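So the structure is just underneath, and the comments pick up after that.
Sequence positions, counted from 1, serve as the residue numbers for this chain. The figures here come from the full heavy-atom set of this structure, side chains too, leaving out hydrogens, waters and symmetry mates. This structure is a prediction, so every number in the text was calculated from the model and none was measured.
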Amino acid sequence: MANLDWGRWKMLVKNQQNKLVLRRLGGYVKPYLWLIITGIICLGAGIAFDITFSTLQEPYVKTVEKGISLYQENGSSEIALSGVQKLIRKFTILFSLLLIGTALINIIWPVIMRLINKDLAIEYVDSVLLTPFSQSERYYSGDFVNRLTQDSNNAITTMGQLMMLIPVQIITGGIALVLLIKMNWLIAVLALIAGFLSIYLPRVFDKKIYGVNDQLNMARSKLRSFLQETLQGIQVIKGSSLETWTIMRFTKQREKVASEELRVNLLQNYAAVLFSIIYNSLTLTVYWLIVSMSVQGQISAGSLMVAMLLINRVWRPIEGISGSFSELQQVGASLQRVFEIVDLPQEKPAPISWEKVNEPILAMEEVTFAFPDNPHNLLFNKFNLIIKHGETVGVVGPSGAGKTTLARLCLGLYEPIEGQIKVLGNSFRENPLEIRRRLAYVPQEPYIFTGTIKDNVSLGELSYSEEEIINALKQANAEDFISQLPEGINTLISEAGKDLSGGQRQRIALARAFLRPAELVVLDEPTSALDNENQALITEAIARLSEHSATIIIAHRLATVKNADRIIVLNKGQIVEAGDHEELLALKGLYAELYLNQSEVSVS
């Protein structure tokens with residue numbers, strides 16, 4: 001019976017996506033093999049009851065027939081009743097085993113599924129966090145969430161089907177088929193032919209279901225991303241009176257999801273209806289044949305009952321496996337989406353040495369870089385930059401010059417096509433995770449996590465004392481507004497720091513850099529969106545921070561880098577000017593032009 005649909009299984013395995021799915025299932029199941037074995041033993045009770053119940057029908061009928069015959073001969077039914085009572089005791093024992101096994105499996109199987117779901121979720125999130133930034137930024141955040149929640153749960157459904165439903169049904173059907181062959185090979189052949197036809201014909205829908213379900217998953221991910229962006233930008237939407245426009249966009253995307261859901265459901269229902277028609281037609285045909293054989297005296301009444309029950313036990317697994325194919329196609333696409341993220345390349349640790357004290361803090365050597373989706377458009381070509389110990393370097397230039405990309409290269413978030421980026425002589429290619437522990441980063445829009453001020457400065461590092469955290473906030477000029485909060489550094493902050501101003505969020509981010517000992521601090525546009533008062537406070541804190549670490553300051557406002565040891569001017573990915581503030585003004589080049597334009601705007 002297991003060979004009935006081998007061709008279909010072979011096609012599933014040949015499919016590259018399903019190869020990945022099937023290969024992965026074993027890895028998640030293996031740690032809980034002892035629970036699986038226990039569950040299989042419990043399922044065995046159900047199999048035993050199912051098969052034995054079928055085979056006991058013939059002796060039961062014979063016992064009844066014998067009792068009727070004896071009663072007709074001498075009016076006594078004691079022997080027949082005794083035989084029936086023995087059979088009932090057997091049924092009772094089997095039924096008790098079934099109840100115990102069913103109760104245990106209903107406890108064990110959900111535990112297994114939840115444990116596997118937990119492991120898959122942990123591996124998924126671990127992969128997301130260790131995936132290089134250049135890879136992960138290609139995906140929407142809502143897409144990441146959708147794959148973890150909806151697609152991952154579908155994956156667990158598949159595991160449940162493969163580990164419980166299909167093996168049990170195959171075993172039950174196999175045993176029933178063997179017994180049916182021993183009873184009457186012709187009935188067994190008819191059952192096989194009917195089963196083969198009923199499982200094969202509805203399969204024409206499977207490939208279509210797989211493709212449509214993949215489109216459904218993509219539509220759901222886009223909808224989730226849209227909702228996430230809408231909630232994050234609700235202030236802009238309401239402030240700009242964009243409610244109607246947003247609802248129209250949401251309606252369009254929701255209708256797309258509904259359309260794809262309808263297509264999947266219709267295809268599944270078409271397959272189910274076709275199977276039902278074929279299955280019931282073949283059932284009537286086979287039953288008519290075996291009833292005819294019984295009427296003609298080829299098989300007894302008891303054998304007739306056994307045959308009908310065994311045929312049902314053979315067909316039921318076929319029906320279950322056939323019905324599961326459509327669902328397997330659907331969740332197979334979901335599994336592929338989960339494993340697509342899990343299989344992304346990851347940053348892995350490797351031993352490195354920090355003994356190279358004579359090496360510069362940062363060395364960019366012949367760096368060539370382009371974004372993967374546009375590899376022929378080089379943003380940097382043979383780019384070189386050296387940052388010395390204790391040096392403060394400002395990076396300025398017009399919009400689109402490559403300043404933020406340079407900051408991400410310095411942090412190892414992007415990997416160059418050619419060349420090397422080294423921190424104290426160690427390349428990011430060797431161990432980006434360890435190197436970044438020696439760096440501090442303050443982005444243009446610092447992210448504030450839900451939690452206390454203290455949590456947001458220490459960022460999970462429990463070794464810092466409260467005194468050290470307060471001192472870091474002082475260094476970042478954040479003490480004034482922290483002291484006014486109801487619970488000081490233990491004050492809870494709302495999601496994304498919505499109850500803080502831009503300047504306050506920026507100073508909390510700077511406090512992180514003061515608290516964390518770093519060889520190099522990278523600040524990306526730290527004052528671009530601040531008013532003059534906050535800009536002055538941030539600039540003062542940056543000057544204080546630069547006393548202890550080498551610093552790269554990406555700046556749009558040139559006043560932020562006016563006192564830097566060295567200023568480099570970027571334009572189209574190349575250093576076109578370099579020097580301190582006075583030297584660059586004297587050149588009367590691009591820097592002087594930018595500075596003059598900002599001075600005029602400031603005066604205006």
**Item:** Residues Glu340, Arg337; criterion salt bridge (Lys or Arg N to Asp or Glu O under 4.0 Å); working and verdict
**Value:** CA-CA 5 Å; Glu340 178 187 337; Arg337 283 168 48 79; 5.9 Å; no

**Item:** Distance-only donor-acceptor check, side chains Arg512 and Asn456, under 3.5 Å
**Value:** yes

**Asked** When rounded to the nearest 0.5 angstrom, what is the spacing between CD in Glu347 and CD1 in Ile435?
**Response** 10.0 Å

**Message:** Surrounding NZ of Lys118 (heavy atoms of other residues, nucleotides or ligands, distance under 6.0 Å), is the total greater than 12?
**Reply:** yes

**Request:** Start with the C-alpha distance between Tyr464 and Val457, add both sets of side-chain angles, then the distance that settles side-chain contact (heavy atoms from CB on, under 4.5 Å), and finish with yes or no.
**Result:** CA-CA 10 Å; Tyr464 296 124; Val457 176; over 6 Å; no

**Prompt:** Run the side chain to side chain donor-acceptor pair (under 3.5 Å) check on Glu525 and Thr404 step by step: do they pass?
**Reply:** CA-CA 8 Å; Glu525 304 273 12; Thr404 295; 5.3 Å; no

**Message:** Which residue is it: Thr368, Val367, Thr405? I am looking for the one with a side chain to side chain contact (heavy atoms under 4.5 Å, CB included) to Leu379.
**Reply:** Thr405

**Prompt:** Would you call the rings of Tyr414 and Phe369 parallel, tilted or perpendicular if under 30° counts as parallel and over 60° as perpendicular?
**Reply:** parallel

**Prompt:** Side chain of Arg507, backbone of Asn477: donor and acceptor closer than 3.5 Å?
**Reply:** yes

**Prompt:** Backbone N or O of Thr149 within a donor-acceptor pair of the Ser152 side chain at under 3.5 Å?
**Reply:** no

**Request:** Mind running side-chain contact (heavy atoms from CB on, under 4.5 Å) on Leu216 and Val257 for me, showing each step along the way?
**Result:** CA-CA 6 Å; Leu216 172 60; Val257 171; 4.2 Å; yes

**Fill in**
Heavy atoms of Gly412 and Arg436 approach each other most closely as O-NH2, 2.9 Å

**Prompt:** To the nearest 0.5 Å, what is the distance between CG (Leu385) and CD1 (Ile552)?
**Reply:** 6.5 Å

**Asked** Between Lys252 and Glu255, is there a salt bridge with N-O shorter than 4.0 Å?
**Response** no

**Asked** Is the side chain of Thr551 donor-acceptor paired with the backbone N or O of Ser549 at a distance under 3.5 Å, no angle test?
**Response** yes

**Message:** Does atom CZ (Arg114) have a neighbourhood of more than 12 heavy atoms from anything else shown, all under 6.0 Å?
**Reply:** no

**Asked** How long is the span from the NZ atom in Lys422 to the CZ atom in Arg429, to the nearest 0.5 Å?
**Response** 10.5 Å

**Prompt:** Any idea which heavy atoms bring Asp373 and Pro375 closest together, and the distance?
**Reply:** C-CD, 3.7 Å

**Request:** Examine the side chains of Gln346 and Thr131 and answer whether a donor and an acceptor come within less than 3.5 Å of each other.
**Result:** no

**Request:** Please check if the side chain of Gln135 supplies one atom and the backbone of Leu344 the other of a donor-acceptor pair under 3.5 Å.
**Result:** no

**Request:** Show the numbers, then the answer: is there a side-chain contact (heavy atoms from CB on, under 4.5 Å) between Ser427 and Ile421?
**Result:** CA-CA 6 Å; Ser427 172; Ile421 303 174; over 6 Å; no

**Message:** Would the distance check show the side chain of Gln504 and the main-chain N or O of Ser501 forming a donor-acceptor pair, the cut-off being under 3.5 Å?
**Reply:** yes

**Complete:** One should read off an interatomic distance between His556 NE2 and Lys403 NZ, to the nearest 0.5 angstrom, of 8.0 Å

**Message:** Would you say that more than 12 heavy atoms from the other residues, nucleotides or ligands in this model lie under 6.0 Å from the CD of Glu468, or not?
**Reply:** yes

**Item:** Arg438 side chain reached by Leu520 side chain, heavy atoms, under 4.5 Å
**Value:** no

**Prompt:** To the nearest 0.5 Å, how far apart are CG in Leu362 and CG in Leu411?
**Reply:** 9.5 Å

**Request:** Before accepting this row, confirm whether a basic side-chain N of the pair Lys30/Asp119 lies closer than 4.0 Å to the acidic partner's carboxylate O.
**Result:** no

**Prompt:** Going by the angle between their ring planes, with limits at 30° and 60°, are Phe226 and Phe250 parallel, tilted or perpendicular?
**Reply:** parallel

**Request:** Please list, chain by chain and in numerical order, all residues satisfying ring pair (Phe, Tyr, Trp, His ring centres under 6.0 Å) with Phe380, sequence neighbours excluded.
**Result:** Phe383

**Asked** Run the salt bridge (Lys or Arg N to Asp or Glu O under 4.0 Å) check on Glu260 and Arg220 step by step: do they pass?
**Response** CA-CA 9 Å; Glu260 298 298 340; Arg220 284 172 172 168; over 6 Å; no

**Prompt:** Between CD1 of Ile469 and CG of Leu473, what distance do you get to the nearest 0.5 Å?
**Reply:** 8.0 Å

**Message:** Has Arg505 got a side-chain atom pairing as donor or acceptor with Leu500's backbone, closer than 3.5 angstrom?
**Reply:** yes

**Request:** I would like to know whether Arg408 and Glu415 meet salt bridge (Lys or Arg N to Asp or Glu O under 4.0 Å); could you show each step before the answer?
**Result:** CA-CA 9 Å; Arg408 290 174 177 173; Glu415 184 175 340; over 6 Å; no

